Amino acid sequence: MPHPIRPIVPDELPAFSQVWERAFNFDAKEVELEEIKKTFEFDRSIAVMDGDQFVGTGGAYSFDLTTPGGHVPTGGLTAIAVVPTHRRQGILTQMLRYHFDEVRAREEPLSVLRASESLIYSRYGYGAATIDASYEIDRRHTGFGAERPTPGRVRMAGKEEARKILPGVYASLGHTWPGFLSRTEAEWDFGLLDLEHWRDGLTANRFAIYEEESEALGYVRYRVRNKWEQGHAVGELLAEELMASTPGAEAALWSYVFSVDLIQTIKAELRPVETLLSVLLADPRRMKVRQGDGLWARLLDVPAALVGRRYAIEGRLVFEVVDEFLPEAGGTFELVGGPDGAECRRSTAEPQLTVDMAGLSARYLGEGSFRLLSEAGRVVGDLDALRRADLMFGWHRRPWCPHHF
Ligand SMILES: CC(C)(COP(=O)(O)OP(=O)(O)OC[C@H]1O[C@@H](n2cnc3c(N)ncnc32)[C@H](O)[C@@H]1OP(=O)(O)O)[C@@H](O)C(=O)NCCC(=O)NCCS
């Protein structure tokens, strides 16, 4: 029997939050819940009820997502949790159907999420559309191979000033990177809250800004773990967010990060796989890079999503999308697109290739390869169509999503 589903009102947040706490194994503090209230879109919340008890939770953020050469409104699924007593009874599946209906009603052509485990969401048609990287390097090996002169300067800023500067820099990057999610003012406030119990033994946020003629072109937000062993400083610096709108700004900010004294190890998270550091460092092998799935995407309106991006080369492609979870979202489509825009409509022509919804969604922002998917048996098509599809869907910059939600 399906359970009733409804949105919640703000006063219900503490009881609703207990589902997250039980599913994600943590205890929320009152101050956290008060802050969450300011960003949570209650009209998009998903509460699954068993009698008067909350047994499943979810919600969605209304994002604008940058695509190759464009942007689209997007529903960002969040807070998905089911209490341990009600697992594997189909509650997640029920919530996904509810969410997809809601996203389509808002005319958002796709849903995105960040997954706690990479096993869960492909069955619903999601594919890993960006790759997250984390870096770790010993400070003794952070020298650059060549001088990288920059005309600006790096200076430290306090939290209040940073709060004013950071959003503009972040927004300016979205014009060049597919995969960026918009942040509202309330989300910026939340992101910079810096509650003590979130710090995991590290310092409060520190901010450094790179500017040229008083124009901020980049920033780094970082924390430090002060650590000593046998009289030697072996501190760690964690660069939580480093954003630069020019390569010079990025080089200057990494130089700054690598110059902080009493630090032995520098770590950075939620970074792009394609990084300037790999060509700046004299000894790049010293940087340990770990990769994993980043933002997951799920197309719900194939034509609207595909005209919301541009294509690296001019081309025409007739393809079939197999969507087992939501058959009406699949079908055969004709895409005619290029660097200046695209048209896409349903078609009765013979498809040149067939792909499952998770495969197409994974390729949406330019990451991955239809050829590899075909080698895995998830795309069927002749070599010419595969090659054309890969050239069209690729982009000069690999997508990156530095936002957690
Ligand atoms: C992940 C979670 C939400 C799944 O909820 P659920 O109600 O048990 O899921 P469903 O019963 O609808 O499962 C649907 C299918 O997904 C599979 N599945 C669900 N969770 C899975 C997991 N963690 N790993 C592998 N498969 C999983 C189920 O086996 C089922 O497969 P079937 O249809 O072949 O039987 C729940 O286990 C949970 O709250 N986990 C902890 C919090 C979390 O990780 N949330 C996700 C945040 S992105």
Side-chain angles (χ1 to χ4, degrees), residues 1-8 12-28 32-33 36 39-41 44-51 53-63 65 74-103 108 110-132 134 179 181 187 190 198 269-270 292-300 322-327 329 356-358 361-362 378 401-405:
M1 255 297 268
H3 294 280
I5 298 192
R6 62 167 176 84
I8 61 159
E12 292 177 301
L13 189 64
F16 185 80
S17 149
Q18 283 189 5
V19 178
W20 304 334
E21 294 169 45
R22 288 170 185 162
F24 287 107
N25 310 320
F26 76 105
D27 297 316
E32 239 164 314
L33 294 182
I36 288 172
T39 57
F40 199 60
E41 296 181 34
R44 303 196 74 166
S45 60
I46 306 171
V48 183
M49 310 301 297
D50 186 353
Q53 300 291 308
F54 295 117
V55 293
T57 61
Y61 288 105
S62 308
F63 288 127
L65 168 72
T74 301
L77 185 65
T78 188
I80 286 291
V82 173
V83 285
T85 49
H86 287 64
R87 297 249 164 95
R88 308 303 180 262
Q89 298 171 23
I91 290 180
L92 172 63
T93 307
Q94 225 193 311
M95 290 198 283
L96 263 295
R97 289 202 186 280
Y98 181 93
H99 170 66
F100 290 161
D101 285 347
E102 195 254 351
V103 168
E108 292 164 331
L110 74 155
S111 162
V112 294
L113 59 82
R114 282 192 169 274
S116 60
E117 296 179 82
S118 57
L119 257 176
I120 306 175
Y121 290 98
S122 325
R123 77 191 72 231
Y124 304 113
Y126 285 91
T130 72
I131 307 291
D132 285 344
S134 58
L181 293 167
E187 280 157 8
F190 188 77
W198 290 354
E269 290 172 352
L270 273 191
D293 50 287
L295 186 73
W296 290 68
R298 202 285 183 208
L299 306 195
L300 288 159
V322 178
D323 193 336
E324 285 183 3
F325 189 69
L326 222 55
D356 61 48
M357 180 54 94
S361 299
R378 288 179 48 195
C401 179
H403 188 68
H404 239 302
F405 57 97

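Counting convention: from 1, in listed order, for ligands and their atoms alike. Just so it is clear, the structure is predicted and the values come from calculations on it, not from any experiment.
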Residues that Phe190 engages under ring pair (Phe, Tyr, Trp, His ring centres under 6.0 Å), provided they are two or more places apart: Trp198
All side chain to side chain contact (heavy atoms under 4.5 Å, CB included) counterparts of Pro14, not counting sequence neighbours: Leu33
Pair Glu102 + Arg97: basic N to acidic O under 4.0 Å: no
Within 45° cone and under 6.0 Å: Arg298 NZ/CZ vs Phe100 ring: yes
Residue Glu12 excluded, over 12 heavy atoms near CD under 6.0 Å: yes
Those protein residues which place at least one heavy atom below 4.0 Å from ligand 1: Ala23, Phe24, Ile80, Ala81, Val82, Arg87, Arg88, Gln89, Gly90, Ile91, Leu92, Thr93, Arg114, Ala115, Ser116, Glu117, Leu119, Ile120, Tyr121, Arg123, Tyr124
Residue pairs involving residues 112-122 (criterion side chain to side chain donor-acceptor pair (under 3.5 Å); sequence neighbours excluded): Arg114-Asp132
